[in-house]
Amino acid sequence: MSPPATSARFPGEVRATAVLAGPLVLGHVATGLIGLVDSVIAGRHGTATLAAVSVGTAMFWLPMMIPMGTLMSLPPSVSQLDGSGRRDEIAPLFRQSLWLALGLGLLLFALLTVATAALAPMGIAEDIRPGAQAFLHGIRWGVPALTLYYAMRYLSDGLHWTLPTMLFGFGGLLLLAPLGWAFAFGRFGLPEMGAGGLGLASALMMWAQALGFATYLACSKRFAPLGLFARFDPPRWPPIRDLLRTGLPIGVTVAMEGGLFVVTALLIGRLGQLEAAAHQIAINVASLCFMIPFGLAEATTVRVGHALGAGGGRDGVRRATLAGLVLVLGTQATSALVLVLGHDAIAAIYTTDATVAALAASLLVYAAAFQFPDGVQVLSAGALRGLKDTRVPMLLAAFAYWAVGMATGAWLGLALGMGPRGMWIGLIAGLVVAAVLMAGRLVRTTGHLPRTAQ
């Protein structure tokens with residue numbers, strides 16, 4: 001299970017990062033396609049259902065980003081242990097990460113149980129609330145499974161074995177499509193549940209993914225030498241505290257960025273069904289595009305962590321970072337071109353409502369504008385995670401996404417009456433500032449590393 005060799009030549013590092021990132025990118029694309037499946041099924045069920053899923057998805061992912069980001073402390077920790085030859089410490093750390101994941105999942109389940117009471121005070125349109133509430137009540141049952149799944153996935157990713165992320169991602173997609181259709185429309189003797197059915201189908205998919213990944217880790221010969229489930233370990237505060245110390249700032253940073261998009265969706269939900277439905281289409285497509293640089297950033301986290309653990313120093317870390325950046329710039333150029341040329345055709349996939357499709361298509365042009373800054377900021381944040389530099393990036397994210405992005409979007413979209421378009425200009429502003437700040441922090445941090453002869 002040794003990672004790909006890091007070539008002293010830059011092209012070798014690019015190849016190593018691309019090989020590692022390929023399954024991660026496809027796994028994240030599968031996750032994005034899950035959102036597409038939900039949105040397409042909801043859109044075919046009706047504009048009200050699509051609007052409800054938009055608001056419900058936003059309220060689900062806003063708190064979910066904190067445990068998901070917190071568990072991102074596992075890949076750099078595992079990759080550094082692997083790079084430094086301390087593989088016997090990986091299994092005990094993994095077992096503690098499972099306790100952390102379970103605790104975070106149960107906390108989030110409780111939060112989602114009471115979150116529906118906030119729909120009215122948040123000003124969500126009255127005709128959207130019942131469907132959004134039903135969606136949240138259904139999907140919350142899958143949250144503990146999802147956090148456990150992330151812990152298992154991040155272990156595998158940190159050991160340079162990313163194929164399971166892709167396979168279980170697409171496996172979940174293949175399960176969700178028929179389940180979501182049957183539950184939403186009431187097929188095979190099931191009652192028609194609309195948005196609530198899509199939430200329940202998502203929860204069932206999450207449990208299937210978690211149980212499948214656990215079975216794989218327990219039975220795979222690749223992981224057998226680690227003894228991941230060789231014994232039962234009770235929760236131990238010191239390793240959990242260390243994971244939280246590194247991971248919680250990551251979780252807050254991820255929530256800062258994701259929260260910018262989520263709160264934008266909730267604010268647009270105040271404007272009505274048409275605006276909420278159009279935003280859901282555009283944000284789903286933008287999120288699908290984001291899965292590519294996000295996967296590359298995760299691969300860069302692992303490569304940077306391994307370079308640091310193996311004694312690569314400043315040269316090794318910067319080589320790994322630059323390799324990821326080259327790949328990200330290429331993928332973002334492709335995404336921007338597709339969005340500019342195909343925005344009308346893409347919107348038509350989601351809905352037959354011409355008014356909704358026209359507004360969504362216009363928003364996709366704004367999405368094209370932030371592809372490059374989005375790629376630079378997520379890649380920089382990924383490299384910083386590999387260095388376990390997480391606290392200052394958290395503060396930078398708070399400023400960029402909220403003091404700049406959200407303030408600009410709310411002012412243009414709500415105060416000046418530009419609606420969804422104004423909110424999306426705010427997204428662009430926040431991501432541009434984040435890209436500049438994160439890249440500057442990365443240059444500064446790597447500059448403090450000792451140089452190496454490797």
Side-chain angles (χ1 to χ4, degrees), residues 17-36 57 61-62 64-76 79 146 149-150 153-154 156-158 162 164-166 168-170 172-173 247 250-262 283-305 320-321 323-336 338-339 367 370-386 390 393 397 400-401 427 430-431 434-435 438-439 442:
T17 302
V19 168
L20 179 63
L24 281 175
V25 168
L26 291 174
H28 283 302
V29 168
T31 301
L33 290 174
I34 285 170
L36 183 146
T57 300
W61 280 109
L62 180 58
M64 182 64 217
M65 288 173 186
I66 294 180
M68 181 184 76
T70 299
L71 292 167
M72 283 183 182
S73 60
L74 193 58
S79 64
L146 185 58
Y149 171 80
Y150 274 121
R153 206 206 88 179
Y154 289 149
S156 186
D157 293 349
T162 55
T165 294
M166 178 186 72
F168 284 104
F170 279 100
L173 177 67
I250 299 174
V252 174
T253 301
V254 171
M256 287 291 176
E257 180 189 1
L260 175 65
F261 289 86
V262 169
I283 204 64
N284 180 249
V285 175
S287 298
L288 185 59
C289 293
F290 177 72
M291 297 303 170
I292 301 174
F294 190 38
L296 286 165
E298 287 190 323
T300 301
T301 297
V302 174
R303 294 298 296 168
V304 167
T321 301
L325 181 62
V326 167
L327 293 168
V328 159
L329 292 178
T331 62
Q332 296 309 89
T334 303
S335 295
V338 169
L339 291 173
F370 64 60
Q371 290 304 301
F372 283 106
D374 204 12
V376 171
Q377 66 83 22
V378 73
L379 191 282
S380 300
L384 289 168
R385 285 196 296 271
T390 59
Y401 300 136
L427 296 179
L431 289 169
M438 292 292 187
L442 179 59

Taking only residues two or more places apart in sequence, or in another chain, which ones meet [X] in a side chain to side chain contact (heavy atoms under 4.5 Å, CB included)?
X      : answer
Ala367 : Ala286, Leu339, Phe370, Trp424
Thr321 : Val304, Val317, Leu379, Ala383, Leu442
Thr253 : Met394, Ala397, Met438
Ile66  : Thr70, Leu248, Ala255

So if I apply the side-chain contact (heavy atoms from CB on, under 4.5 Å) rule between Val328 and each of Val378, Asp374, Leu296, which one comes out positive? Leu296
Measure the CE-CD1 distance between Met68 and Ile250 for me, rounded to the nearest 0.5 Å. 11.0 Å
Quick one: which residue pairs count as a salt bridge (charged side-chain N to carboxylate O under 4.0 Å, His left out) with a foot in residues 325-334, not counting sequence neighbours? none
Under the rule for side chain to side chain donor-acceptor pair (under 3.5 Å), what residues qualify as partners of Tyr154, not counting sequence neighbours? none
Work out which heavy atom in [X] is nearest to a heavy atom in [Y]; give both atom names and the distance.
X      : Y      : value
Leu384 : Pro393 : CD1-CG, 3.7 Å
Thr165 : Tyr149 : O-OH, 4.1 Å
Ile292 : Ser335 : CD1-OG, 4.5 Å
Pro373 : Ala435 : O-CB, 3.5 Å
Gln332 : Cys289 : OE1-O, 4.4 Å
Pro293 : Gly375 : CB-CA, 4.2 Å

Using distance only, find each side-chain donor-acceptor pair of residues 18-26 under 3.5 Å and give its atom names and separation, not counting sequence neighbours.
none

What residue pairs, at least two apart or across chains, pass side-chain hydrogen bond (donor to acceptor under 3.5 Å, both in side chains) with a residue in residues 291-300? His28-Glu298, Arg153-Glu298
Ring pair (Phe, Tyr, Trp, His ring centres under 6.0 Å) partners for Phe372, two or more places apart: none
